[in-house]
Each structure stands twice: as C-alpha cells, then as structure tokens.
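Let me begin by presenting the structure, written as structure tokens, before commenting on it.
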Amino acid sequence: MPMTAEVFPEIGFFQRAATAFADCVPTDPADDGFFGPASVTWRLHTDLTAPVSGLRSLLLQALHPLAMAGVDQHSEWRDDPAGRFASTSAYVITTTYGDRAAARAAAARVRKIHEWVTGTDPVSGKPYEASDPALLIWVHAALVDSGLVAADRYGLRLSDADKDQYVAEMTAAAELVGVPPASFADGGAPASVAELDAYFDAVRPSLATSRSTADIATYLLNMPDVEPELADVWDVLARAAVASLPGWARSMYGFGDGGPAPGSVPPEREEVRQVLGVLDAVYLAEPGALEARQRLTLRMREAGQ
Amino acid sequence: MAGAAIEPDPDGQPGSTGGRSPGGKLNEPRLRVGRGLAAMRLAARGGARYAVNAPRLFAAAGERRQQLRDDLALRTAQDVADTLGTMKGVLMKIGQLASYVDDGIAPPARRILGRLQDSVPPMSPELAAGVIREELGATPEQIFKEWDPLPIAAASIGQVHRAITADGQAVAVKVQYPGIAETIAADLRNVALIKSLLKMAVPSQDVTALIEELRERIGEELDYLREAENQRQFAAYFDGHPTARVPKIIDELSTARVMTSELAAGARFSEMLGWSQREKDLAAETIYRFTFRSLYELRAFNGDPHPGNYLFEPGGRVTFLDFGLVKHFKPDELDPLIRMIETLCIQQDHEGFRRAMEEAGFLDPGAPIETDEVVRHMSLFYETIRERGPRTMTSEYASAVARRYVDFKSPLAAYAKIPRSYVIVQRINLGLFAVLGEMNATADWRGLSEEIWPFVQAPPSTPMGEAELPWLARARR
C-alpha cells in the first residue's frame, strides 16, 4: 500500500482537535454552562467554519508582540504545534459547552499557567505578563472577531443583532480567564460589534511583526505536517483565513488580498465550504466526535435552535 | 413475483402475522396492516431483518450503520444542504465506488467514509412528506391507504418508507432528499478537490477513469426514473423465473425523486449464512444465473453484488434489490469479453486469447511478454469456469482474485489496463466472487456457464436449470 494510504491519520492537527472535542463536550452536564444551548455562541461555534476561524484567530493573535513573546518563550509550540493547538481547542470547547464547574476549573488551570508566563519581549525589550488584562483582551478579541468574520464569509450569516449578542455573550469567556468584569469603557472586554471595532482601531499601534510572527504564520499556512495530497486542501483553508483578515493585518504580514502570496485571488465561498465539509468528515471520523456533535445538536434542538 | 410478502414478526416466524396466500397476494391487508406496519417498522429498524426495495445502506459491507436517528432528523432543505452538501454526499459516493475493490480503498479513508454514513440522519416526517407532495401532487396520507412516516432504511441519497397503496398493496417508497441533486451538482464541479479526494481514498486506482465513473453514477442515482426503468427491465425479464425475483415498479407512484416498488421480504445475507450449505449452494446458483443471464441476455449488469442487495428465501429463491447502478453494454462491447472466454475456456487457443485481450483494450498490442505469461496471469480470473466439475468458491479465492486485480508488480502491469467501459464489470465480478466466496458455494460453475453462454446454450445441468426451462423459453421469445 502506498504511503498515501496513511494520509488521514497523520493529520495530528485534526485528530487531536477532534479528540479534544469528543472529550470536552459533556455527556451529563450539571448545568448549561456560561452560554447554553439557546445561545448565539453555541450556534456560531458549531458552525462548519470553525477551522478557518481558528486559523485566522491565530494569525491575528500573533501580531501582538507581547502575546507572541509569551507563546514563543513559554510554550512548546515549535516542538509540538498540534499539541499546543489541541490544548487551546480543548479550553475553548470546555468553556463554551461545559457546565459552569468544568468551565471554571479549566479557566483556573489556564490562570495558574499564566502566572508563570512572564518575561521580556526580545524585540521591543518590553516586559510582559500573560495575566495582563490588556493581553487577555487582545487574545479574546481576536477569537471573537474571527468567529464572526469567518462565519459571515463562509458559513452561518448572523443578523446584526445576533452578532452583537455573540460579542456580548462572549464577555463571559473573557471574564473566566481574568478580564475584569467591567464595561469596555472601564477596562472590560468589548460587548458589541461597535466596541470590538473600536478596540481594534485602538490596539493597532501596539501591533508588530517579528521573526516569531513570520515563523508561526509560515507554519500555519504551509502546514508541513500535512501530506502532499492534502496540501491543496490546506491551501484553500489558508487562503480563506488570510482573505478574511482585516486589510491592515494582511499588509503587516505582506500577504496578498486573497492568500499568503501577493496577488492571490480570494477563494469562493462555495470552494471554501467544500473543503470545510471534507475536513469535517475527517474530524467526525475520530472516535467520539460524531457523538459529541450529536449531543450538542440534540441540546440545541431542545432549546429551540 | 406477484404481490408482496410481509413477515412482520421480529422473532422471525414466517407468516405469523403477515402471511401470503398461495398466489402470493396479501390476505386481507386491511385487517392486518395497522399492526403489521408497527411490527414491521420495529423489526426493520431494530434488527434489520427486513429489507425493502433498495435498502442500499450507505455503508459498505461489514460496516455497521448506526440506527436511524429520528431525533436528529433533517428538517429543512437547508439541513440537507448543510449535511450532504459541502462535498459530503460526493464523499459518500466515492466511498461506495471504492468499496467494490477489496484492496482498492485506503483503510483510513474507509474509516472516514464509513463514519460519514453514520453522520447522515434521516429526513423528518414532514420533510419526507413534502417531497411526496411535490412529486406526487398530494400528501402521503392522501395517496396511500397507510403511510409509515418513519423511514425503515436509508437508501442512496434518500430513505425508504413503507406504505400500503390504495388498492392494498404493500410497497416500499424511496424518497430522495430535497435539493440534493443541486447540491451534489455544485460539488461535482470542483474537479480539483474531487481528484485529491480520489487520490487519497483509492491510491491504487486511475483517478481520471474514476472521476468519470463517479459523475456518471451520481447522475444515474439522482434520477430515480432511470433506476425505475432499469428495474422494470430486469423485472420483466425475470418475470416467471423459478428462483430469481425482482420487485415490480409501481409506475404511477414513481417520479425522478420518488420510486415505489413492491415490498419484498426474506432473510438478510448474514442470516442466510447460517442456513445449511445445501440452501446456500442453491442461493448461490440463483445469484450466478441471475448475474450472467442478465449480462448475456439483457446485456446489462445489475448493481453491485453487495450482500445488502439480496433477500433470501429457502429453495434458492433470491430477491434482487437496487438497480441504481446498471451497466448496459453495446454488442460490440460484450463481444471481446465473449471471445476471451471462448478462446481461453473452450478453444484453449492462447494466442487467440491474447489477441482478444488486445482487441478489448486490456493489453497493449505487442507487449514484450510471453503469451504463456499472459495466460498464467489471467487464468486465475477464469479458474472456476475452465473445466467441468464442482468447485467451491472461497473467500481466499475471492481475495486472491482481488489482489491479482490490483497487482502492480506483475510483469503484465506495465502493459495491462482496464478500458473504462469494463471497469464496472471487473468490480462487479470481484464483488460477486466475494459474495459467493463468503457463502462457500459449491457448484459446477462451468456447467452453469455453458447453459448461459450464448455461444454454447447447453441443456440444463442442474434441477434449477430444468426448472428454468419454461421461463427461458418465454424470455428468449
């Protein structure tokens, strides 16, 4: 049997993300957690576009030098990128779908780890602390914005009211990890699309690229762990994520409008959805992933979604 | 086959509630159907003892399909598009296509494609009723005396409902997912992605040939009228056959997206495997006769020889289901295959066999290979029919044939290929060997073949052959 026979299971990325999903979607939750089956958050996070959203989110997050320095100096992403990605997925899944106790426990673990993540950004010479609310809001805002944008372009098209509702709901996630439970004006997380946009306008001067940024982008977009046969598939995903970035972020990276290469044409919605469907099929084949998806669907249906 | 048989007893006591009159017609269906429907549904959904027409499960052989999840049912055409569009419907078809060759599909891909089948829920009763309304012009309750709103099986890009017609006939109604044709058509236009997928799923196969086949098959399967036409043709040809049965199509209740046929009953393949070897041999003889009579007389090869496409009754009676894939041959396509058999098995003319292979396009003319080598390589495929006498089909033989089929290390590999019009024949052949091998069936296959081969037309070689005579006289007329 040729090497290609082993294509699918070698995608450590998807395998491990799927395992995290199967493990972190509760079977017998004590309560509906911080969002619940009737929330916009559940609707958006179960959308097919999650991989594009995740990729875009990471590309965006890497543009903050202090956030990037923290990841680079304290995590093992260069040695085990799939593992790093899976633990982030597990955290997001647990806080989204888990009951309150599970979400709080997961957040407490992350906050504990964050206590150790301090240092000095080698590029700017500035000190950083991962528990700094400013950094936590940056990571949070990138995640929330990416969920909205990826779905809007390639998947679920939320109404403006639902978009605002999503941003507002997600402040609960920000607070879990240590963002002050305050209004945006008083140092809390953005609670509407307008506040989210205002936040990005305000934070842009603090953003910069570095060698680490370039390294992580190269890794994410070229995905050396993917076999040649899947390279075309991954390429569509990468272009979809890049095309959905804000123009200023693409300029900072030196990307083209429709993908990493200058002059790229953005992929069509249809094409992106086809690729996402294939990846979803790969994902659902992992043990327990389909059942976890069905658990969520049933709870959402009961809640009238 | 006249009328339909219903055996709604989940414990498998034939006729305990359903019962057929000697003529094969339902007795007093009105009195029985209510209870019958409920019991039938339970039986079918629970243990899958019952098959109805075209219960082609998405899953390939050996893979268990999850029970139909009504609670997750697709409620709108948008649900259908989200679930089966985005390439997933096409992926499933790739899985089906690839499943004909034992060694052809990469195991991880097999797992993914198998799991994908499980991920497709049935349509909600309302959604299915909507398709009936659009296609037949009235609600299921208006059209049928009884309509089971819950499907009893998943079918190709649809699902099967059981119903009783206004005149009391028990039928299987195959209902297509709404909007699936458009969704799949859009996905099929992404040739680049489909090529990548085929390369991953069936690394040993010729992707260009497969992609054409995939398009054709999907096109055929989306059009139930075509399937109905095929089934009609087979039903007419085998009408009156002593052991082979094909459920009749109910014309007035069949459209492009709804296909209604007689409901059939019988034991599933797995259950039949527990019967006596004598019974299994008889069933195998029927399958063999059915397959090759169709090929030589109708010039049509039916469906895939998937164990799920047969229903068995004692005495070698087999009901054949699913005519979604029928390959029709032109005479000049069949002739080279016939010449290959004639030269190798009857005339033992090795050079003639080689020439026939070259004419059919299986072997490059002038390939630098000894003819004896060619014959040695190919004779495995003809092993069961080269000589008279009883032979037992085994799973080992079927696997050996499948391995030889995809053997790229053989000296022939560089010069051998399978012309596109024969790809399906080869696959179906392999599937047939696999089925007969699993049944451990013993017969004088050469004897049966001589009866069937149009260039021999030997007299009956078995009691079943004798019993076929009146039917054959009519069929040949």
Side-chain angles (χ1 to χ4, degrees), chain A residues 1-11 14-15 18 46-49 154-157 226-237 267-291 293-302 305, chain B residues 66 69-75 78-79 81-92 94-95 103-121 124 183-205 207 406 408:
Chain A
M1 191 62 67
M3 280 288 289
T4 46
E6 298 305 322
V7 160
F8 285 135
E10 296 304 314
I11 313 163
F14 281 91
Q15 213 172 11
T46 49
D47 190 56
L48 200 60
T49 49
Y154 309 115
L156 180 71
R157 287 174 169 145
V226 168
E227 271 72 2
E229 286 78 1
L230 262 189
D232 293 344
V233 167
W234 192 265
D235 181 59
V236 175
L237 209 60
E268 298 284 334
R269 175 184 166 94
E270 190 78 14
E271 187 188 6
V272 174
R273 288 185 64 74
Q274 286 162 345
V275 161
L276 287 169
V278 172
L279 291 178
D280 196 48
V282 175
Y283 190 81
L284 289 181
E286 292 304 325
L290 174 61
E291 288 73 12
R293 169 84 51 89
Q294 290 175 340
R295 287 200 293 280
L296 291 177
T297 306
L298 286 176
R299 287 178 67 194
M300 288 168 72
R301 286 195 167 192
E302 275 171 31
Q305 290 233 31
Chain B
Q66 212 181 26
R69 291 288 305 263
D70 301 315
D71 50 355
L72 293 163
L74 306 171
R75 297 174 297 187
Q78 187 59 47
D79 283 352
D82 289 347
T83 309
L84 280 158
T86 65
M87 266 318 167
K88 285 183 185 164
V90 173
L91 268 176
M92 285 182 200
I94 290 177
D103 290 1
I105 184 161
R110 188 188 290 268
R111 184 173 52 89
I112 288 166
L113 298 170
R115 196 73 177 127
L116 192 55
Q117 329 287 357
D118 295 340
S119 76
V120 179
S124 68
T183 290
I184 286 187
D187 286 347
L188 277 176
R189 285 194 288 270
N190 192 341
V191 175
L193 180 56
I194 292 173
K195 278 192 175 166
S196 306
L197 296 173
L198 283 170
K199 259 185 246 164
M200 285 185 272
V202 276
S204 62
Q205 300 286 309
V207 169
V406 293
F408 289 93

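Naming convention: chains lettered A, B, ... in sequence-line order (proteins, then strands); numbering from 1 in each chain.
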Taking side chain as everything from C-beta outward and backbone as N, CA, C, O, which of these in A/Leu276 sits under 4.5 Å from a heavy atom of chain B? Side chain, backbone, both or neither.
neither

Distance in Å, B/Thr183 OG1 paired with A/Gln274 CD, rounded so as to fall on 0.5 Å steps:
10.5 Å

Report the option among A/Leu284, A/Thr297, A/Val236 that has the most heavy-atom pairs separated by less than 4.5 Å from atoms of chain B.
A/Leu284

Heavy-atom pairs under 4.5 Å with chain A, option from B/Arg75, B/Met87, B/Arg189 with the top count:
B/Arg75

To check you understand the geometry: which heavy-atom pair defines the closest contact between A/Arg301 and B/Asp79, and what is its length?
NH2-OD2, 3.8 Å

In short, B/Ile112 meets A/Ala281 closest at the heavy-atom pair CG2-O, 3.7 Å

For a 4.5 angstrom cut-off between non-hydrogen side-chain atoms, does B/Asp82 reach A/Arg273?
yes

For residues A/Glu270 and B/Asn190, determine if any side-chain heavy atom of one lies less than 4.5 Å from a side-chain heavy atom of the other.
no

For B/Leu193 and A/Val233, the nearest pair of non-hydrogen atoms, with its separation, is CD1-CG2, 3.6 Å

Given that the side chain runs from C-beta out, which part of B/Ala192 has a heavy atom under 4.5 Å from chain A: side chain, backbone, both or neither?
neither

Can you find a heavy atom in the side chain of A/Asp280 that is under 4.5 Å from one in the side chain of B/Thr86?
no

Where on A/Val275 is there a heavy atom nearer than 4.5 Å to chain B: the side chain, the backbone, both, or neither?
both

